[in-house]
Amino acid sequence: MQIAQVIVDIPTRQTNNPYSYLIPDYLTDQVVPGMRVAVSFGNRKITGFVVAITDKAAFDGKLKPIDSLIDLAPVINKELLQLATWMADKTYSFKISCLQTMLPGGMRTKNQKRLIATEDSVVAAYPKIFHGQHEVDYNRQSLDNQSVTKVLELERQGKIRVEYNLTKHARPIMMKAYQAMLKPDQISGELAGVRKNANGQIRLLDILRQHPGETFLQSKLTAAGVTTSALKTGEQKGWVKATLKRHVRNPFLRPVAHTTPLHLNADQQKAVDQINIDVSDRKNDVFLLEGVTGSGKTEVYLQSIAHALETGRTALMLVPEITLTPQIVGRIRSRFGDQVAMLHSALSNGERYDEWQRINSGQAKVVVGVRSAVFAPLDNIGLIIIDEEHDSSYKQADNPRYQTRDVAKWRAAYNHCPVVLGSATPSLESRARAMKGVYRFLTLPERINHHALPHVSIVDMKTEMAQHQSILSNQLANAISDRLEKHEQIILLLNRRGYSSFLMCRDCGYVPKCPNCDISLTVHKDTHTLDCHYCGHKEPIPSVCPQCHSKRIRFYGVGSQQLEEQVRNQFPTARVLRMDVDTTRRKGSHEAIIDKFGAHKADILLGTQMIAKGLDFPEVTLVGVLNADSALQFPDFRSSERTFQLLTQVSGRSGRADKVGGVIIQTFNPDHYAIQLAKTQDYERFYATEMRVRHDGKYPPYYFTVKLTGNSPSENQTASEMFGILTFLKDNLSKQAIILGPTPKAITRINNQYYYQIIIKYRKEPNLKKTLDQILVDSQKKQRHGLQIAIDNEPLDFM
DNA sequence: AGCACGCCGACT
DNA sequence: GTCGGCGTGCTC
């Protein structure tokens, strides 16, 4: 008898190991590791991943059989199955969360319970449960305790039937199609029996002659001039047979022209050569490819990918979250055509599913995508590239909190292939490793065609604000007028990290706050609401101060909407485009804005971070950064690095073609080294300065770090439990470990939960993993007192 | 997670 | 004396 080892879809410590299930006879040899199955667990039905097939159970109680298969073929291959185990361990998360993360969103199953009333009377009797409907989804959170008990009671009485829907959301699209049934020699005979003016039928026979035996989507045939009535006749006469054919969604909006490899300069050639040798020799090095903006990193990637394909292997290229614009994908596709699949958050579930299938089936050999694409089911990977490796979107913010770089290195080791980390401003971690010889260091010091770097000037907003209250300094305003006159384009960047507009009463100073969180509400003019960005609470914008009834209640802070208004007022003839979360929410709107600006149908593009990355507009000759230092104000050890990277990156956006660009940086900290060194684009000095700061502060890359966050509905409870954890840590770690906290988080209360954190900095702690695992096990009991623990290994910030 | 079981306070 | 609160433990 075969036994399936199943990781069930319940993310808890106690269910983090496989459960044994019998494989019924009729499924013998059909259940394979990596498939999902439906199983009974307790008294409900849930899904799980088969991770192994054994002939003995580790459990000596009575085993239940597998109920049914969810997949006919594995959705997680052998490599990814191993990776999931490693990742769960590394990120202190559950195996099931890791497995689910590896699947494209649309394929994830949901354990949905559905209640069906078998007696009409109960529908009317319990409106809280049924809302007047005969069938409802069972949602425990939205029901009060009495209703939950009632549901169980009605279920026992047989007045309610329970169904479990373990649904997959994305499915292949099946469309109406027709299969050609005629042999070529039958065609002319049939043609003779057709009326001369029956154009549709003639057209159909024509197509059937050229493609005997093929199956055509109905839409293709009608597009080719075959009418639906002709198809009906054809079906009656036995020419074609009605059937269904899979329609593969195509997320690529436009066809692209084919391009050929560009000529490389000496540095690029050297980089390509070294990477290619590794690919051929199946060596598992990590390269750091450092090259200033415009130095031609992408061409290095493309030619290395080409080499990987030539050796019969596949390639994976990762890009930051908001960069994956048609510009980049277009370049990859123009070289590799339909072998390219893309995995990106802007795709619909269905599109992502189809792209994933193309990869899983081996049709796609090159995958371009964001963070989660690191789990693309590619076989036989020959090269992994991480572009803009310093980008913070490579670290997942919630469980499993993985760092894409680490996952990529794991997969590269498994596949015996190199990893290329590319950046103009590498993360200090990566650069330090390159200096130590852990990574191999490749540089592209020159800009292609020797374009001059843009001229960068810094405006001190302290003196500027003393003269006039305006978001735009005189210098920036003058530069904008100048470019508008010359019909050149302008990008205005609002560094809005934690900086958005709120409401304040000018008479009493009242600021509307979220009732559930310790944070002021943000003004959203489009919806006319005050929103909480943490818990989603919304309320209308008051016209009088609720506290002192004054009418002088106004906006403060600069959001991109306010900036847009001011720019339009100051430059009424300019055509302005705004790009931020509000204007890009709709699918395709991101691309639409970029296309419009690229076609010079607007003069000014303004927006947040998302306009800083990877875009290439040759007509842009001025980049203005409105508030360069808003990130610097955060109590975060990485804020200088972020600021430097951002400013360097946006500066690269100006003047890439034949025109020399200008960059104007407005700041309240004109003397800060991150800003001064960004002005001269001096990465070397920034690296040296920042490394000294990190060394003195005992920060990464000199120290490893772990962040432990605890939350509960009571502040006292949270604090005291966290102090208990502190004692436990002190008892189990060495004297060299630096433990900071517990301290309340910057926003202590979110959704009526109180958050405290502990930071651990260390160089060598052999007991750490064991100690933290123990804390998680213990927290299972403490969670009953309401405390939840989250562990973030190598957090991006200490906030 | 979600359900059952079991042990202590306010009630028909 | 019971009903029901939630703290604890188990699910192959």
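Here the structure is a predicted model, which means the values were calculated and not measured.
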task = Under 4.0 Å between any heavy atoms, over every strand shown, what does A:P18 touch: base, sugar-phosphate, or nothing? Just pick one.
result = nothing
inquiry  = Using whole Å, what does the distance between atom C1' of nucleotide C:dC12 and atom CG of A:L22 come to?
reply    = 9 Å
request  = Could you tell me whether A:R638 and A:E429 make a salt bridge, using a distance below 4.0 angstrom between a side-chain N and a carboxylate O?
outcome  = yes
remark   = Applying ring pair (Phe, Tyr, Trp, His ring centres under 6.0 Å) to A:Y762 and not counting sequence neighbours gives A:F704
Inter-residue atom distance A:Q82.CD - A:M87.CE, 0.5 Å rounding = 14.0 Å
For atom CD1 of A:I7 and atom P of B:dA1, their distance in whole Å = 16 Å
task = For A:Y21, report the nucleic acid contact type (base, sugar-phosphate, nothing); a contact means any heavy atom under 4.0 Å.
result = sugar-phosphate
query = Quick one: A:K45 NZ to B:dG2 C1', roughly how many Å, whole number?
reply = 17 Å
inquiry  = Can you tell me how the ring of A:F798 sits relative to the ring of A:F637, calling it parallel under 30°, perpendicular over 60° and tilted otherwise?
reply    = tilted
message = Using whole Å, what does the distance between atom P of nucleotide C:dT11 and atom CD1 of A:I96 come to?
response = 19 Å
query = How close or far is atom C1' of B:dG2 from atom CZ of A:R13, stated in whole angstroms?
reply = 19 Å
request  = Report the residues that fulfil ring pair (Phe, Tyr, Trp, His ring centres under 6.0 Å) with A:Y21, sequence neighbours left out, ordered by chain and then residue number.
outcome  = none
inquiry  = Tell me which residues in residues 48-69 of chain A lie within less than 4.0 Å of DNA chain B, going by non-hydrogen atoms.
reply    = none
Name the atoms and distances for all side-chain donor-acceptor pairs under 3.5 Å in residues 92-100 of chain A, with sequence neighbours left out.
unit_1: A:S93; atom_1: OG; unit_2: A:T91; atom_2: OG1; d: 2.6
unit_1: A:K95; atom_1: NZ; unit_2: A:N16; atom_2: O; d: 3.2
unit_1: A:K95; atom_1: NZ; unit_2: A:N17; atom_2: OD1; d: 3.2
unit_1: A:Q100; atom_1: NE2; unit_2: A:D9; atom_2: OD2; d: 3.1

ask   = Quick one: do A:R358 and A:E355 make a salt bridge, cutoff under 4.0 Å?
value = yes
key: Nucleotide B:dA1, atom P - distance to CG of A:N399 in whole Å   = 12 Å
Cationic N near anionic O, under 4.0 Å, A:D792 to A:K395 = yes
request  = Starting from P on C:dC12, measure out to CD1 on A:I3 and report it in whole angstrom.
outcome  = 14 Å
Tabulate protein N/O versus nucleotide N/O from nucleotides 3-5 of chain B, keeping only pairs under 3.5 Å, one per line.
unit_1: B:dC3; atom_1: OP1; unit_2: A:K113; atom_2: NZ; d: 2.9
unit_1: B:dC3; atom_1: O3'; unit_2: A:N43; atom_2: ND2; d: 3.3

ask   = Do any pairs count as a side chain to side chain donor-acceptor pair (under 3.5 Å) and have a residue in residues 766-777 of chain A, sequence neighbours left out, and if so which ones?
value = A:D89-A:K769, A:K769-A:D773, A:Q774-A:D778
task = Figure out the CG/C1' separation between A:N16 and C:dT11, and round it to whole Å.
result = 15 Å
